[in-house]
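Whatever order the structure lists them in is the order used to number ligands and atoms, beginning at 1.
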Amino acid sequence: MINIKEHEHLSILNHSCAHLLAQAVKHLYPNAKFWVGPVIAEGFYYDIDLGEETLKEEDLERIQKEMKKISKDGKRIVRRELSKEEALKEFEDDPYKIDLIENMSDSEVISCYSQGDFTDLCRGPHVESVKELKYFQLLKFSGAYYKGDSNNKVLQRIYGICFETEADLQQHLQELEEAKERDHRKIGKELELFMTHELVGPGLPLWLPNGASVRTILENYIREKEFKLGYHHVYTPCMASTELYKISGHWDHYKDDMFPVMEMDKEEMVLRPMNCPHHMLIYKNKIHSYRDLPIRIGELAPDFRYEASGAVCGLERVRAMCQNDAHLFVRPDQIKEEFAKVVALILDVYKDFHITEYSFRLSLRDKDDTEKYFQDDEMWNRAEMELRNVLNELNLPYYEAIGEAAFYGPKLDVQIKTAIGHDITLSTCQLDFLLPERFDLTYVDEFGEKVRPVVIHRAIIGTFDRFMAYLIEETKGAFPLWLAPTQINVIPVNLEYHEEYARKIQSELVGWNYRVDLDLKNEKLSYKIRESVMRKVPITVILGQKEVDEGTISYRKYGSEETVTVTKEAFQAYLEDQIQKKL
Ligand code: TSB
Ligand code: ZN
């Protein structure tokens, strides 16, 4: 989907359209006051104070109509420059604009733009006339706290988008519609994969049997892969004393993302946001020789993060998650090889899931953010240089992002775009010189000296929660055979004559270790087939007189209208082939 901010002219068009929106709102709500109206990747929005009023769906239509009217009128958009003093005078009735002006430096040129009866403070640039704003659409509205602070007043935020042509606008609206259809929250509900409940809370989804069935397969899949690659899995508790996080540095640099402390008697406990500290202790539990390294400690580990309630999203961003985590304890001379193995594992897993649209992001620290990042220039320089070297040697194409590193070190993140346009990290591989220091980890080298290992943090599936959100959107809920909650749905054509054969086939298929449903509802065949398709079951088996007489199986693959009749042996071979190819 298009990113408006990446196009110079579309950015100007959308910014001008935000002013048009404000003008229309002012016509319809004369007391309206305006905060900010920026361009965003998805178009534009404006935050508006409508006093006691809250918007309704119909209001959007009225405002849009008014915008069309103003656009037809075709007033020119005129820029004026003001001194700070003049600006304060001009906008004296508008506390929001006064706030903006007061926060500008004295040397800054303050400009405002007028179009007919409406003037707004703005840096610009804008199009020459409102006439140029023809192909726009208001998309939605929501409440938004003034300055994003929940102690402040809720403003009405109206979103919209503007294009150069009607065709572009229509294409975009169609893409939005398709994205909505793919949204994992919608499909998750329809296919009964997961649910949420206000009594549990935001960001805390409940996995239903269908979703849990897919997750179990994912867990077994990745565990098996990791065992083969020399990982050792552990179980550790999902809470610990705050002392542990004071040692690790989470307390100083990650506290805002953690749930508050639980006090019991004299103890202070916290839910863990990450598993590294527990795994550091496991490493430290024994003396290690240089010959033992790398040591790979893996865990399918529950973590808790206090994500903002406005940021949580279905399974994609949750407050209780389960990481496919591992910490690799390596010698400095093993960094490259071990990192390469992790990248190879990521690519191997992506091949199995047919993941092709992703990019590598080298996530670096923001030197100025002294709160988020542990301060040790030498350590950061070394880690960033090592990581860059590894990536260059592996010939991985990547882009850099300042301020996206973990507090303990730089990361290689694998980024994907979700159906609704979020840019999220799926897998991650991180280089850390800090935690070995904080936990005083050592191994004995070939000269009998104690030296520090390096830690690689990595998550391939990332979290099962986020990965599931991704899978749902990619497959539109039509999971491949090996992952589908129900793999085969058996339907007898006529209950009276074919139920017995259908029961026999179902039990044989279950005996072959497939997840099989038998539909004995008293409904028409066509209804049952339609329902099977709605549930996106990969294979629907339809058994009638011919199949009973010949001892065969007729089936339809999801997405195909064609019915294929085969022997049981051929059916088994077909299923095995599909599973093996992960289709
Ligand atoms: C890899 N300590 C490391 C670990 O060893 C760590 O926690 N890294 S992380 O912070 O990047 O998280 C790992 C992965 O969890 C991310 O790559 C992302 O895929 C996933 N993740 C992070 N936050 C959330 C969330 N709120 N909801 C769902 N998944 C999340
Ligand atoms: Zn970690």
Identify whether NZ of Lys or CZ of Arg in Lys536 sits under 6.0 Å from the centre of the six-membered ring of Tyr558 and within 45° of that ring's axis.
no
Validate the cation-pi geometry between Arg319 and Tyr306: distance from NZ or CZ to the six-membered ring centre under 6.0 Å, angle to the ring axis within 45°.
yes
Electrostatic pair Glu357-Lys417, nearest N-O below 4.0 angstrom
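Salt bridge: no.
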Carboxylate-amine/guanidinium proximity below 4.0 Å for Lys341 and Glu337
yes
Taking the six-membered ring for Trp and the single ring otherwise, decide whether the centroids of [X] and [Y] are under 6.0 Å apart.
X      : Y      : answer
Tyr159 : Phe141 : no
Tyr373 : Trp380 : yes
Tyr290 : Tyr443 : no

Taking [atom] as the reference point, the nearest protein heavy atom with its distance:
atom                    : result
atom 3 (C) of ligand 1  : Tyr408 OH, 3.3 Å
atom 23 (N) of ligand 1 : Arg305 NH1, 3.4 Å
atom 27 (N) of ligand 1 : Val318 N, 3.0 Å
atom 26 (N) of ligand 1 : Glu307 OE2, 2.7 Å
atom 8 (N) of ligand 1  : Gln430 NE2, 3.1 Å
atom 15 (O) of ligand 1 : Thr463 CG2, 3.4 Å

Measure from the side-chain N and O atoms of His279 to the backbone N and O of Thr236, and report whether any donor-acceptor pair falls under 3.5 Å.
no
Please work out, at 4.0 Å between heavy atoms, whether the side chain, the backbone, both, or neither of Arg458 comes within that distance of ligand 1.
backbone
Side chain, backbone, both or neither: which part of Asp413 comes within less than 4.0 Å of ligand 1 when only heavy atoms are counted?
neither
List ligand 1 atoms under 4.0 Å from [X], heavy atoms only on the residue side.
X      : result
Met274 : 2 (N), 7 (O)
Gly462 : 19 (O)
Thr425 : 17 (O), 18 (C), 19 (O)
Leu426 : 17 (O), 19 (O)

Answer yes if the side chains of Glu268 and Thr242 hold a donor-acceptor pair under 3.5 Å, and no otherwise.
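A pair is found: one side chain offers a donor N or O, the other an acceptor, under 3.5 Å apart.
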Polar contact flag, side-chain donor to acceptor under 3.5 angstrom, Asp303-Gln323
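There is such a pair (donor and acceptor under 3.5 Å, judged by atom type) between the side chains of Asp303 and Gln323.
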Taking distance alone, with N or O pairs closer than 3.5 Å, would you say His327 contacts ligand 1?
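N/O-N/O distance below 3.5 Å exists for this pair.
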Return a yes/no value for Cys276: is any of its N or O atoms, backbone included, closer than 3.5 angstrom to an N or O of ligand 1?
no
Which residue, Arg272, Arg223, Arg458, forms the salt bridge (Lys or Arg N to Asp or Glu O under 4.0 Å) with Glu299?
Arg272
Using 30° and 60° as the class limits, which term best fits the ring planes of [X] and [Y]: parallel, tilted or perpendicular?
X      : Y      : value
Phe407 : His253 : parallel
Phe360 : Tyr358 : perpendicular
Tyr231 : His233 : tilted

Who's closest to atom 13 (C) of ligand 1 heavy-atom-wise, of Glu299, Gln323, Met321, His279?
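Looking at heavy atoms only, the winner is Gln323.
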Residue and atom names of protein N/O/S atoms that fall under 2.8 Å from the Zn ion (ligand 2):
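Counting only protein N, O or S atoms under 2.8 Å from the Zn ion (ligand 2), the list reads Cys276 SG, His327 NE2, His457 ND1.
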Does Asp325 come within less than 4.0 Å of ligand 1, judged by its heavy atoms?
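Contact present.
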Looking only at heavy atoms of Glu316, does any of them come nearer than 4.0 Å to an atom of ligand 1?
yes
